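Encoded as structure tokens, the structure appears first; notes follow it.
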There are 2 protein chains.
Amino acid sequence: MPPNSIKAAQDRFVAVWGQMGSAWGISRTMAEVHALLYITGEPLCTDDIMERLQISRGNASMSMRALLDWGIVERVHRRGDRKEYFKAEGDVWAMFRAIVRERMKREVDPLRAQLYEIRDQTGERAGERAPRDQGADLLAHNRRLDELLRFFQTLEGVSNSFVSPAGRGLQAAAKILGYIGGGVGNSAGPSTEATDTKEAG
Amino acid sequence: MPPNSIKAAQDRFVAVWGQMGSAWGISRTMAEVHALLYITGEPLCTDDIMERLQISRGNASMSMRALLDWGIVERVHRRGDRKEYFKAEGDVWAMFRAIVRERMKREVDPLRAQLYEIRDQTGERAGERAPRDQGADLLAHNRRLDELLRFFQTLEGVSNSFVSPAGRGLQAAAKILGYIGGGVGNSAGPSTEATDTKEAG
DNA sequence: CGACGTTTTCAATCGTTTCTGAAACTTTCG
DNA sequence: CGAAAGTTTCAGAAACGATTGAAAACGTCG
């Protein structure tokens, strides 16, 4: 096995992860930077990233900053070195929790707020009554909004129980649900289990 | 209340939903079309959509097709009318299940497959041994890949239990978890007040 | 069967987002 | 304090995905 096969695998991982990122509305480069930090597992500095990913300094800097904001990458200082190094969160579940937390905060919460506003916009104000004609439509309209709101409220709850300090809760629940769903066996143990997913229909 | 206030609310909903879509990697227009169908609740034809959303015929057609593929919009035929009409799935949970199913199929499953390949790429082949130098790095590299794979496997399980015919399972679980989440003193509650959805019961 | 209304496709265009590179800024150290 | 090293910002350039509009395909009806 050639000694640089790890590097090749890393490159491939970076590409794959970057692609996934862009499918989920995250800038490709940001995902790539994260991928690189995650897969190498060790702290890298801006120049390392620039060189390895062939991107500009500005881009590298911005992406790093964003990852820091997301809380899935942390600064590392080395004694006797003025450079800053960066290291990715190593625990996949912690990483995912951070992502969920941020996306809820940035996208779902504002969305909920807007939906409430829209709901209020046609909500009956005190002492005012909708015209007879509009009544049914309005009711149905508001019912649909409410259903959406209810849904997002539930989602909020789920996400909180996942994200919270005691958030391992969902990790456990996920496993239980996993069993229900597909009989997916996953237990502790670093052994290379390449268990195939069994469809349960 | 002016009779067109529903229309105004609909427009606003369309805008909000479209924005959300693009934040999650769905084309804005497609999300808008869906929003329109959902919020009006009744079947619309291509021309209705073109006019209301001010988009081209081609765009409307493509977006409709995509929504059909996602399984969150269905064709409706009207007797004595050659046009095709389209109607959005009305049940929020069913809609969300369809979305999860599709995104898993299109994005997560391929990702998993790729990760397996990458894993195999450096996996020890029979009778071959990694050079001593690379040993530790390789082990750590593969461990990180495995963790990711394990995670996605669990995710797959959760999603299956959600998506499957008996998928109401997660709906119930979600509510339970939601309660837990609400009860748990979670970190500085972002903006989770205003939880006054009217209960029908 | 040919004409008409409707839907689909696709190359060209347009608009948005991302990326670059250089300048401005900040921090550290002699 | 000033120089050196590092980081951030930002206007313009490039890349990418979305959108259009016209033409082809489809299916129906007289």
Side-chain angles (χ1 to χ4, degrees), chain A residues 14-37 43-70 73-87 103 106-107, chain B residues 14-37 43-70 73-87 103 106-107:
Chain A
V14 166
V16 167
W17 201 245
Q19 193 181 348
M20 187 216 53
S22 63
W24 289 86
I26 287 157
S27 112
R28 203 187 78 264
T29 302
M30 186 177 149
E32 286 183 352
V33 171
H34 176 254
L36 183 61
L37 289 173
L44 301 178
C45 68
T46 306
D47 295 78
D48 295 334
I49 290 163
M50 285 169 61
E51 191 191 320
R52 186 70 185 270
L53 260 33
Q54 290 293 307
I55 59 175
S56 72
R57 183 171 300 284
N59 197 4
S61 175
M62 300 278 254
S63 299
M64 286 306 318
R65 158 66 85 115
L67 289 169
L68 253 13
D69 285 350
W70 279 65
V73 158
E74 60 175 18
R75 288 195 158 87
V76 175
H77 280 288
R78 283 181 170 172
R79 262 192 308 286
D81 191 342
R82 270 162 72 181
K83 275 207 205 61
E84 277 194 324
Y85 288 74
F86 303 91
K87 187 174 168 303
R103 294 208 85 149
R106 295 175 193 205
E107 284 139 27
Chain B
V14 166
V16 166
W17 201 245
Q19 194 180 349
M20 187 214 52
S22 63
W24 289 86
I26 288 156
S27 113
R28 202 186 79 263
T29 302
M30 183 176 150
E32 285 183 354
V33 172
H34 175 254
L36 183 60
L37 289 173
L44 301 179
C45 68
T46 306
D47 295 80
D48 294 336
I49 290 163
M50 285 169 62
E51 191 190 321
R52 185 70 186 271
L53 260 33
Q54 291 293 308
I55 60 175
S56 73
R57 183 171 300 283
N59 199 2
S61 175
M62 300 278 254
S63 298
M64 286 306 317
R65 156 68 83 116
L67 289 169
L68 252 13
D69 285 350
W70 279 66
V73 159
E74 59 175 18
R75 289 194 157 88
V76 175
H77 281 287
R78 282 181 171 173
R79 264 189 309 285
D81 192 341
R82 269 163 73 183
K83 274 207 206 61
E84 279 194 323
Y85 288 74
F86 302 91
K87 187 173 168 302
R103 294 209 84 150
R106 296 176 194 204
E107 284 139 27

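For the numbers below, each heavy atom of this structure counts, side chains included, while hydrogens, waters and symmetry mates do not. This is a predicted model, so every value here is computed, not measured. All chains are named by letter (A, B, ...) in the order of the sequence lines, taking the proteins before the strands, and each is independently numbered beginning at 1.
- Here the side chains of B:V14 and B:R52 are not in contact, with every heavy-atom distance at 4.5 Å or above.
- Between the CD1 atom of B:I49 and the P atom of D:dT19 there is a distance of 14 Å, given to the nearest Å.
- Between the CD atom of A:E32 and the P atom of C:dT18 there is a distance of 13 Å, rounded to whole Å.
- Comparing B:Q54 and A:F86, the nucleotide of DNA chain D nearest to each residue sits closer to the 5' end for A:F86.
- Remark: side-chain polar atoms of B:Q54 are paired, donor with acceptor, to backbone N or O of B:E51 under 3.5 angstrom.
- An OP1 or OP2 oxygen of C:dC19 is reached within less than 4.0 angstrom by a side-chain nitrogen or oxygen of A:R28.
- Applying the 4.0 Å criterion to OP1 and OP2 of D:dG17, one finds that B:S27 has every side-chain N and O outside that range.
- Per the geometry, CD belonging to A:E51 stands 18 Å off C1' belonging to C:dT20, to the nearest Å.
- At least one donor-acceptor pair closer than 3.5 Å links the side chain of A:S63 to the backbone N or O of A:N59.
- If you check every strand for non-hydrogen atoms under 4.0 Å, A:M62 touches a base.
- Whole-Å rounding puts the B:E84 CD to C:dT7 C1' distance at 8 Å.
- Nucleic acid contact for B:R57: base, since at least one base atom lies under 4.0 Å from a heavy atom of the residue.
- Comparing C:dT7, C:dT6, C:dC19 by their closest approach to the side chain of A:S56 singles out C:dC19.
- Atom pair B:D47:CG and C:dT7:P shows a separation of 7 Å (rounding to whole Å applied).
- Distance A:N59 CG to C:dA22 P: 15 Å, rounded to the nearest Å.
- Taking atom CG of residue B:D81 and atom C1' of nucleotide D:dC29, one finds them 14 Å apart after rounding to whole Å.
- For A:T29, a side-chain nitrogen or oxygen approaches OP1 or OP2 of C:dC19 to under 4.0 Å.
- At most 12 non-hydrogen atoms from other residues, nucleotides or ligands lie less than 6.0 angstrom from CD of B:Q19.
- Between A:K87 and A:P43, the closest heavy-atom pair is CD-CG, 4.0 Å.
- For the pair A:M30 CE and C:dC19 P, the computed distance is 11 Å after rounding to whole Å.
- In this model, the phosphate group of C:dT8 is approached by a side-chain N or O of B:S61 to a distance below 4.0 Å at OP1 or OP2.
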